[in-house]
Amino acid sequence: MIYHGLERGLVDFVYNPIKNKDYLKRKVGPTREGIGGLIDRITKKKTDLQIFEECLFSLLLQAEEQIESLLSDSSEVVEIERDSALEQIKEFLRILVKADPTQLNRLSYRAEMYEYIDNQIATTFGYHADRISELYQLETGRLLSSAGSVIIPPILLSEIYAFIRLNYINIERRKGGFILKMNDRCLPEFHAHTLTELLESNSTLSLQYYLSGIATKINRRFIPVELAQEAITFVLDKVLSLQEIYLSEEVREGEHFELIKGCVAIMLVSEVFSMHKCNVPASFFVNNGICSVSVINFVVNNLSALNPKQTSVFSVLNFVKGEFSRGNLEFNLATRHIVYAASNLYSERNKRDNNLLVFGDAFERDYIYRYASTLDKSRFKVYPSISPGNKADVKGYDIDLVIEDMLFGQFYFIQVKYKKTRLPKFFSERCYELKTGFMRDYERQLRVFRDNLEHPSIQRKLRQDKYEGLERARADNSHFIFVHNVPFLNLYECNGIYFYEWNFFRNLMRGGMILWEGKGGFGHEKQKPFPLHDTKTIVELYTDKMKAHEKSSIPSGFYTHTNALLQLKVKSKRKDVYFDVPLV
């Protein structure tokens, strides 16, 4: 429920706490000076939350002044090495971890903990620095100074404030600052959320290891065609949730899909070449037969339209003097952006082509159904889509497929959505997505069907020949799942609707498969069977309670993250104030 239950005003505040600081001001209320203020302070004892709100409001005022100063600074930003940047950040942002006492004698374990701390500091700072960069078009490098110590803490605490208001986090005032702790009743959601973030982080790390491996096998002139095609297929699946074998032959052989694969190839090779600190000549793609001249020309001629329009700070791809180079957006985000932008542009110019790849249709109507049909037939039975007719008594529902788990006697009614616009990154964006974005359809489609499952008209439909077996579905053995391609929304349940990201849901259907790839190689591990809606067991399955595969970093990472503490030091009214915050 961490993305539900927030009022619009609070979500707006979290999105831009400085612009919307008056939301807090209304909570804090006017402060009277002189004898009137003294009487107020004597007669009205403030709660810890009210004192926190006053402190946060004061910090936001300081941050606003600092941002205005940075915006007027025209000096060139000097690039700082990672280690030096981390030392500056540690002046006001630290991570404390609860170490496993049985492992402390191992030098490698201590090294892992220090690496985790540094990576977590960099990730936390980067996340909130990106928020500021997008809102104010400020280069992140400008925050790697004393200005960062004034701006980052209140921006970070603005998100934490939402969790406090949700009763997800409890707040207690202590001498010198505030202690924030996870509410015990919210631990299951916290653990599910932590696992989701950890899986996504591991997925990104796995992709980086894969790309690093590709980098060792190519040079500035040559890449084996088989290796290139394998890598393009890998990225299509890993980043875009698409596998060619589940697309129609007409789409696979069309110019539109050739463009999409070409964009992936350009992004892939540009990323790999950046690891060697060099750019990619456009001729490399044509000479190695992995991208046509027409695709190269399309990308080059439309590059300004393919880069993000809403910001001058971030870019996905550059082309200078006949060479491509990666932009400054992370590979997954950049690849999604340029592929979807190129696909949209191509579609607009070729509306009548019958081989256009419509991501939503391919993913929602065909791809997942075809994939599910390849599952273990001794356990799973797949039924086609269910929708009401024009004269139906109950309307407004749409079920893309149904999976019967014959092992546990459960039915899963599934709605599928593919998001090809910008994926929500920040907490406020995620809240907006569920209220106003494409995911709001689950309310209308899944919920209507669930609430009317035993209505006579729907039961008649389930008794049709093509649904033979579905007539056994009842409220006590049926579950409703929203499958999508948005990584953050996983293992999430709200009012009886379960949300799963496709790649994760696919692994669940394959037996809770844990895939791992790292410096020591790669592999996978299956677990014992479990119901697809049992999120508690799924979380345990992937963490140390059920001893996941020893080469997977998930168990140790989960233990470390859920026992870690983020500590902020801020200057308020000329004195240091400390905030101890759980990592959420």
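All figures in this text were calculated on a predicted structure; none of them were measured in a lab.
- For T124 (side chain) and Q120 (main-chain N/O), a donor-acceptor pair under 3.5 Å exists by modelled atom type.
- The salt bridge (charged side-chain N to carboxylate O under 4.0 Å, His left out) pairs that include a residue from residues 323-333 are R220-E323, E271-R326, where partners are two or more places apart or lie in different chains.
- Partners of F298 by ring-ring contact (aromatic ring centres under 6.0 Å, His included), not counting sequence neighbours: none found.
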Identify each donor-acceptor pair in which a side-chain atom of residues 227-236 lies under 3.5 Å from a protein atom, sequence neighbours left out, and give them as a table.
from	atom 1	to	atom 2	distance (Å)
E230	OE2	Y210	OH	2.7
T233	OG1	Q229	O	2.9

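- Looking at residues two or more places apart in sequence or on another chain, you find no ring-ring contact (aromatic ring centres under 6.0 Å, His included) involving Y116.
- Considering only heavy atoms from C-beta on, L240 comes within 4.5 Å of Y418 through its side chain.
- Inter-residue side-chain proximity for K425 and D130 is flagged as met; some heavy-atom pair is nearer than 4.5 Å.
- Proximity of L453 to L462: side-chain heavy atoms (C-beta onward) are separated by under 4.5 Å at one or more points.
- Taken from CZ in F411 to CD in E404, the straight-line distance is 3.5 Å, to the nearest 0.5 Å.
- Between V402 and Y467 there is no side-chain heavy-atom pair separated by less than 4.5 Å.
- Here the side chains of L489 and H484 are in contact, with some heavy-atom distance below 4.5 Å.
- Here the shortest heavy-atom pairing between G396 and P388 reads N-CG, 4.2 Å.
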For this session: Starting from the C-alpha separation in whole Å, work towards a yes-or-no answer on side chain to side chain contact (heavy atoms under 4.5 Å, CB included) for E255 and Y346.
Result: CA-CA 10 Å; E255 292 181 358; Y346 182 91; 3.4 Å; yes
Problem set entry | Working for side chain to side chain contact (heavy atoms under 4.5 Å, CB included), residues I223 and F284 | CA-CA 9 Å; I223 180 173; F284 178 92; 3.6 Å; yes
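- Between V299 and F319, every side-chain heavy-atom pair lies at or beyond the 4.5 Å cut-off.
- The closest donor-acceptor contact from the side chain of R336 to the backbone of V239 lies under 3.5 Å.
- Residues passing the ring-ring contact (aromatic ring centres under 6.0 Å, His included) test with F380: none are found, sequence neighbours excluded.
- Atom OH of Y15 has 12 or fewer neighbouring heavy atoms from other residues, nucleotides or ligands inside a 6.0 Å radius.
- When the salt bridge (charged side-chain N to carboxylate O under 4.0 Å, His left out) test is applied to D376, no partner is found at least two apart in sequence or on another chain.
- E501 contributes a side-chain N or O that, together with a main-chain N or O of N503, makes up a donor-acceptor pair within less than 3.5 Å.
- In this structure, the side chains of Y369 and S385 stay at 4.5 Å or more apart for every pair of heavy atoms.
- No donor-acceptor pair under 3.5 Å is formed between the side chain of N490 and the backbone N or O of T196.
- Of all non-hydrogen atoms in I414 and L446, the two that sit nearest each other are C-CD2, 4.5 Å.
- The two residues V539 and A192 have their closest heavy-atom pair at CG2-CA, 3.9 Å.
- Classified by interplanar angle (parallel below 30°, tilted 30° to 60°, perpendicular above 60°), the ring pair Y371/W502 is perpendicular.
- Counting heavy-atom neighbours within 6.0 Å of E468 CD, excluding the residue itself, gives a total of 12 or less.
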Problem set entry | I218 vs F273, side chain to side chain contact (heavy atoms under 4.5 Å, CB included): CA-CA, chis, key distance, verdict | CA-CA 9 Å; I218 69 173; F273 268 54; 3.5 Å; yes
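- Judged purely by atom type and a 3.5 angstrom limit, H193 has no side-chain atom pairing as donor or acceptor with the backbone of Y492.
- Within the 4.5 Å cutoff, the side chain of F413 has heavy atoms near those of the S478 side chain.
- One finds the CZ atom of F499 at 15.0 Å from the CZ atom of F504 (value rounded to the nearest 0.5 Å).
- K238 contributes no side-chain N or O that, together with a main-chain N or O of N332, makes up a donor-acceptor pair within less than 3.5 Å.
- Under the 30°/60° scheme for interplanar angles, the aromatic rings of F163 and Y168 are found to be tilted.
- In terms of the ring-ring contact (aromatic ring centres under 6.0 Å, His included) criterion, residue partners of Y397 (sequence neighbours excluded) are, by chain and number, F449.
- The residues R447 and D451 are annotated as not salt-bridged, no charged nitrogen and carboxylate oxygen being separated by less than 4.0 angstrom.
- Among all heavy-atom pairs drawn from D398 and S387, the shortest one is OD1-CB, 4.2 Å.
- Of the inter-residue distances, the one linking R450 atom CZ with N495 atom CG reads 7.0 Å to the nearest 0.5 angstrom.
- Considering only residues two or more places apart in sequence or on other chains, Y127 meets the side chain to side chain donor-acceptor pair (under 3.5 Å) condition with E159.
- Under the salt bridge (charged side-chain N to carboxylate O under 4.0 Å, His left out) criterion, the residue pairs touching residues 194-206 are E197-R430, with sequence neighbours excluded.
- A donor-acceptor distance shorter than 3.5 angstrom exists from the side chain of H276 to the backbone of A215, with no hydrogens or angles considered.
- Remark: the backbone N or O of C186 is not paired with any side-chain donor or acceptor of E189 at under 3.5 angstrom.
- Looking only at atom types and distance, the side chain of R349 has a donor-acceptor partner in the side chain of N302 under 3.5 Å away.
- For K261, the side chain to side chain donor-acceptor pair (under 3.5 Å) criterion is met by E244, not counting sequence neighbours.
- The side chain to side chain donor-acceptor pair (under 3.5 Å) search around Y500 returns none, not counting sequence neighbours.
- Each of V300, L317, I338, V280 was scored for a side-chain contact (heavy atoms from CB on, under 4.5 Å) with I266, with one residue passing: L317.
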For this session: Show the numbers, then the answer: is there a side chain to side chain contact (heavy atoms under 4.5 Å, CB included) between L401 and V382?
Result: CA-CA 7 Å; L401 74 157; V382 183; 4.0 Å; yes
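- Note that CG of L508 is 8.5 Å distant from CD1 of I481, once rounded to the nearest 0.5 Å.
- E258 and S292 share a side-chain donor-acceptor pair at under 3.5 Å.
- Residues V394 and I458 approach most closely at CG1-CD1, 4.3 Å, considering heavy atoms.
- Rounding to the nearest 0.5 Å places CG of N507 at 9.0 Å from CE of M509.
- Although no hydrogens or angles enter the test, the distance criterion places a donor-acceptor pair under 3.5 Å between the side chain of Y412 and the main chain of L532.
- Taking OH of Y340 as the reference point, atom OG1 of T335 lies at 10.0 Å (rounded to 0.5 Å).
- Distance alone, capped at 3.5 Å, is enough to place a donor-acceptor pair between the T194 side chain and the F190 backbone.
- Taking D405 as the reference, R379 meet the side chain to side chain donor-acceptor pair (under 3.5 Å) condition, with sequence neighbours excluded.
- Between L407 and P529, the closest heavy-atom pair is CD2-CB, 3.5 Å.
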